[in-house]
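What follows is one structure encoded as structure tokens, with my remarks underneath.
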Amino acid sequence: MTVRVRYAPSPTGMLHVGGARTALFNWAWARRHGGAFVLRIEDTDKERSTEESERSILEAMEWLGMDWDEGPGVGGPFGPYHQTQRVERHLELSAKLLEEGKAYRCFCGSERITALREEQMANKQNPRYDGRCRGLSLADSTAKAEAGEEFAVRFRVPEGETGFTDHVRGDVSFQNVEVDDWIMLRSDGSPTYNFVVVCDDADMKITHVLRGEEHLVNTPKQVLLYQALGLDVPEFGHLPLMLGTDKKKLSKRTGHTSVQIYRDLGYPRDAVLNFLCLQGWALDGETEVFSVDELIKNFEVKDVSKGGAIFDAEKFQWLAGEYLRQETPAECAAHCAPYVIEAGLMSAEELAARSAWFEQVVAGMQERIRLYSELPEKIAFLFEADDALSYDEKALKNAKKHEVRGDVLAAVLENLLPMLEEGVSASALSEAGKAMLSEKGWKFPALGQPLRCALTGKAGGPDLFDVLIWLGAESSRARIESAIKRFE
RNA sequence: GGCCCCGUCGUCUAGUUAGGCCUAGGACACCAGGUUUUCAUCCUGGCGACAGGGGUUCGAAUCCCCUCGGGGUCACCA
């Protein structure tokens with residue numbers, strides 16, 4: 001049997017990280033077994049669904065590299081892949097169930113149902129449909145319907161018990177009395193989620209349903225529906241929830257929830273993918289950094305953890321840094337460029353004209369940032385006015401600790417600047433600088449701290465000889481000369 | 001509250017299916033050292049968990065029962 005899985009987002013917002021992980025596990029499972037990964041848009045909520053959300057979700061899926069074999073944009077043999085375009089089929093199946101007595105029309109109306117529920121809750125009973133229309137004969141109900149009475153269609157839950165073997169949780173079962181006679185068709189004739197999801201999954205020949213744990217309690221309804229329809233029941237796997245720091249389902253209350261935001265925040269794509277894997281799954285218990293190829297090679301649904309995972313933002317950032325540092329300077333520079341432009345440090349044209357220079361800077365900064373977006377702030381000093389560089393209090397204090405600061409800076413001007421003008425390498429500068437120090441009998445901090453303040457205005461940062469080269473002879477000279485005056 | 005699911009370091013997890021290899025391993029975070037011109041990276045070390053209680057067994061994180069705790073869900077949303 002060919003594996004066919006699906007991810008079925010509703011286009012009512014961004015791509016939630018929990019949804020992204022669900023999609024990722026489905027995708028990996030399909031790729032692992034040479035099966036098909038289907039993308040279906042569950043747009044039955046007309047109030048909240050938007051085309052913009054759909055576009056954004058698709059774009060995020062593409063960014064993550066999760067290609068779908070069937071779905072929007074690519075089509076497929078079981079389309080259409082938008083749920084709203086499949087209602088004809090839904091109504092057909094609903095009519096069939098109605099005829100067979102496996103579903104029935106309910107004329108109670110939402111007002112009565114709401115009142116009933118309120119009364120039951122007031123009496124501390126569990127809200128449940130009281131079955132008033134359950135016994136209506138098909139002939140009677142058809143007559144009422146034809147007379148124009150409004151009705152919803154309910155599924156007739158049989159007696160007994162419904163169980164299934166969940167791939168992550170093992171055997172799970174529910175007493176059917178606990179499963180209410182749920183609504184398949186609303187009184188406006190539109191089908192509900194629990195109904196369409198089964199129709200569509202069956203029509204699309206889905207073999208494995210991997211989804212979030214919040215759907216666990218929907219499963220008996222769906223299993224019963226498959227059975228009533230005389231269809232094969234697919235395999236299920238319910239993934240643990242991704243939790244916020246409040247231990248509740250991840251929501252905007254406790255942090256960012258969409259993959260688009262993390263992308264915009266400058267997290268490397270592969271770090272996002274890797275991190276998603278780590279929430280509920282482990283490669284071998286030892287390896288933390290691994291590629292999606294390794295996920296595909298090793299992913300088993302049964303290995304997914306049962307417990308919910310609190311979203312560990314710290315670890316996510318660490319992982320981002322790991323990936324950022326693995327990139328070549330050219331790759332990293334390309335990823336950082338939009339942030340540098342956005343921060344107004346350079347225009348796209350300037351960046352293109354000075355790409356070699358920018359790559360050099362990025363190479364020197366790579367182990368000092370974790371997200372692409374962190375670069376602008378850290379290199380902003382390079383773009384300040386040479387004679388009006390802002391000095392951090394600590395940087396200035398460090399510089400002033402050294403009595404010989406003026407002599408040191410003068411020596412730099414005299415010995416190192418000419419070399420810089422000739423265009424030597426950072427290591428050559430470094431050697432010359434150290435030779436100069438030993439000749440004069442100065443320790444490195446006596447050079448480092450005043451020079452760092454003079455050039456960057458910061459107490460910490462990249463290698464000083466790199467900075468000299470980045471700045472160039474002219475700026476370096478101007479900054480040092482300005483510092484000599486300002487340090488007095 | 002009913003039903004369902006879950007419960008190993010602060011957090012993510014390995015180990016639980018086939019009880020002994022577990023004086024419970026790794027990672028993030030934190031702390032302390034080291035490398036370094038600073039910051040960062042990197043290296044070394046430390047801190048730190050089987051929710052609790054009963055069983056079963058020569059032996060239990062692993063099996064059984066109870067308790068406690070957490071979560072999900074109870075819509076004519078998905």
Side-chain angles (χ1 to χ4, degrees), chain A residues 8-12 42-45 47-49 83 106 108-110 113-114 117 121 124-128 150-154 166 168-170 172-175 177-180 182-194 196-197 212-220 238 240-241 243 245 247-249 275 278-289 302-303 305-319 321 325 365-370 378 394-395 398 430 433-434 437 443-449 451-453 456 458-465:
Chain A
S10 55
T12 54
E42 310 219 320
D43 53 353
T44 50
D45 185 341
E47 303 288 298
R48 298 190 301 147
S49 298
Q83 222 154 36
C106 173
C108 291
S110 52
I113 298 303
T114 309
R117 182 165 50 233
M121 298 217 298
K124 294 197 171 175
Q125 291 173 309
N126 295 320
R128 168 170 303 166
E150 248 191 18
F151 63 89
V153 176
R154 286 183 186 272
D166 189 282
V168 355
R169 273 145 233 286
V172 180
S173 72
F174 295 79
Q175 293 298 319
V177 286
E178 301 294 339
V179 184
D180 214 8
W182 51 280
I183 287 180
M184 292 174 16
L185 249 44
R186 302 183 184 94
S187 39
D188 67 358
S190 66
T192 61
Y193 166 77
N194 281 116
V196 292
V197 76
E213 194 190 341
E214 69 264 33
H215 289 290
L216 193 59
V217 293
N218 283 326
T219 311
H238 288 91
L241 260 17
L243 277 20
T245 46
K247 294 196 160 203
K248 294 192 170 41
K249 220 164 40 160
F275 180 71
L278 256 17
Q279 300 277 299
W281 188 76
L283 181 60
D284 55 13
E286 305 272 303
T287 314
E288 308 281 333
V289 182
K302 69 169 179 55
D303 293 335
S305 320
K306 295 182 178 76
I310 295 172
F311 190 91
D312 188 346
E314 292 274 10
K315 191 161 183 173
F316 193 10
Q317 287 203 6
W318 164 77
L319 203 49
R325 255 168 266 127
M365 295 306 300
Q366 250 173 305
E367 61 190 31
R368 294 178 170 80
I369 57 175
R370 303 202 284 187
K378 301 248 181 195
K394 193 177 172 197
N398 286 344
S430 171
K434 280 167 190 163
L437 286 174
K443 297 278 188 215
F444 201 104
L447 165 72
Q449 295 187 317
L451 185 57
R452 180 169 298 285
C453 182
T456 73
K458 304 272 185 280
D463 183 280
L464 277 176
F465 301 102

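To find a chain, count down the sequence lines: A is the first, B the second, and so on, and within it residues start at 1.
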Please list each protein N or O that sits under 3.5 Å from an N or O in nucleotides 10-13 of chain B, with the distance.
unit_1 : atom_1 : unit_2 : atom_2 : d
B:rU11 : O2'    : A:D312 : OD2    : 3.4
B:rU11 : O2     : A:D312 : OD2    : 3.4
B:rC12 : OP1    : A:I310 : N      : 2.9
B:rC12 : O2'    : A:L278 : O      : 2.7
B:rC12 : O2     : A:K315 : NZ     : 3.2
B:rU13 : OP1    : A:G280 : N      : 2.6

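- Between B:rA29 and B:rU11, the two P atoms lie 16 Å apart (nearest whole Å).
- On the C1' atoms, B:rC63 is 46 Å away from B:rC42, given to the nearest whole Å.
- Residues A:V197 and A:H215 fail the side-chain proximity criterion, which asks for heavy atoms closer than 4.5 Å.
- Scanning for side-chain contact (heavy atoms from CB on, under 4.5 Å) contacts around A:Q317 gives A:Y267, A:R370, with sequence neighbours left out.
- With a cut-off of 3.5 Å on both pairing distances, B:rG59 has no Watson-Crick or G-U wobble partner at all.
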(request) Show your reasoning for whether side chain to side chain contact (heavy atoms under 4.5 Å, CB included) applies to A:L278 and A:L319. (result) CA-CA 11 Å; A:L278 256 17; A:L319 203 49; 3.9 Å; yes
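- With hydrogens and angles disregarded, a donor-acceptor distance shorter than 3.5 Å links the side chain of A:D166 to the backbone of A:H238.
- More than 12 non-hydrogen atoms from other residues, nucleotides or ligands lie less than 6.0 angstrom from CD of A:E214.
- If you take atom P in B:rG25 and the same atom in B:rG20, they sit 16 Å apart, rounded to whole Å.
- Side-chain contact between A:F174 and A:T219: absent, with no pair of heavy atoms (C-beta onward) separated by less than 4.5 Å.
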Set out, line by line, the N/O atom pairs under 3.5 Å between protein and nucleotides 30-32 of chain B.
none

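- As judged by a 4.0 angstrom heavy-atom cut-off over every strand, A:K248 is placed among residues touching the sugar-phosphate backbone only.
- Distance alone, capped at 3.5 Å, places no donor-acceptor pair between the A:D180 side chain and the A:W182 backbone.
- Remark: the backbone N or O of A:R48 is not paired with any side-chain donor or acceptor of A:T12 at under 3.5 angstrom.
- As a whole-Å value, the separation of A:E286 CD from B:rA24 C1' is 13 Å.
- Using N1 to N3 plus N6-O4 or O6-N4 for Watson-Crick, or N1-O2 and O6-N3 for G-U wobble, each under 3.5 Å, B:rU73 pairs with B:rG2.
- Ring pair A:F316/A:F275 is parallel by interplanar angle, where below 30° counts as parallel and above 60° as perpendicular.
- Take A:S305 and apply the side-chain contact (heavy atoms from CB on, under 4.5 Å) test, not counting sequence neighbours, and it matches no residue.
- Using a 4.0 Å heavy-atom criterion, one finds that A:T12 contacts no nucleic acid atom at all.
- The two atoms that bring A:A459 and A:N398 nearest to each other are CB-ND2, 4.0 Å, heavy atoms only.
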Are any protein N/O atoms closer than 3.5 Å to N/O atoms in nucleotides 73-76 of chain B? If there are, list each pair with its distance.
unit_1 : atom_1 : unit_2 : atom_2 : d
B:rU73 : OP1    : A:K249 : NZ     : 2.7
B:rC76 : O2     : A:S187 : N      : 2.8
B:rC76 : O2     : A:S187 : OG     : 2.9
B:rC76 : N3     : A:S187 : OG     : 2.9
B:rC76 : N4     : A:G109 : N      : 3.4
B:rC76 : N4     : A:S110 : N      : 2.8

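- B:rA75 and B:rU23 have their P atoms separated by 50 Å, with the value rounded to a whole Å.
- The gap from the P atom of B:rU67 to that of B:rG26 amounts to 37 Å, rounded to the nearest Å.
- Following rounding to the nearest Å, A:W182 (CH2) and B:rA78 (P) show an atom-to-atom distance of 12 Å.
- A:F174 has its CZ atom 7 Å from the P atom of B:rC4, to the nearest Å.
- Side-chain contact annotation: A:T192 with A:N194, donor-acceptor N/O pair under 3.5 Å absent.
- Nucleic acid contact for A:T44: sugar-phosphate only, since backbone atoms but no base atoms lie under 4.0 Å from a heavy atom of the residue.
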(request) Go along nucleotides 39-44 of chain B 5' to 3' and tag each nucleotide: B for a protein heavy atom under 4.0 Å from its base, S when only backbone or sugar atoms are that close, - otherwise. (result) BBSS--
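- The same atom, C1', is picked in B:rG45 and in B:rA60; the two are 32 Å apart, to the nearest Å.
- Of all heavy-atom pairs between A:K306 and A:V168, the closest is CE-O, 3.4 Å.
- Residue contacts shown for A:K306 are limited to sugar-phosphate atoms, with no base heavy atom under 4.0 Å away.
- Counting all heavy atoms, side chain and backbone alike, A:L464 lies closest to A:G448 at CD1-O, 3.5 Å.
- A straight line from CG of A:L319 to C1' of B:rA29 spans 14 Å, rounded to a whole angstrom.
- With C1' as the reference atom, B:rG7 and B:rA51 are 7 Å apart, rounded to whole Å.
- Taking the C1' atoms as reference points, B:rC58 lies 33 Å from B:rC6, given to the whole Å.
- Of the nucleotides present, B:rC68 is the one that pairs with B:rG7 by Watson-Crick or G-U wobble criteria, both distances under 3.5 Å.
- The shortest distance between side-chain heavy atoms of A:P240 and A:R169 falls below 4.5 Å.
- Map A:D284 and A:F444 each onto its nearest nucleotide of RNA chain B; the residue landing nearer the 5' end is A:D284.
- Following rounding to the nearest Å, A:D303 (CG) and B:rU17 (C1') show an atom-to-atom distance of 11 Å.
- When heavy atoms are screened at a 4.0 angstrom cut-off, A:R169 is found touching the sugar-phosphate backbone but no base atom.
- At a threshold of 4.5 Å between non-hydrogen side-chain atoms, the residues A:K247 and A:I310 count as touching.
- With both pairing distances under 3.5 Å, B:rC31 is matched to B:rG45 as a Watson-Crick or G-U wobble pair.
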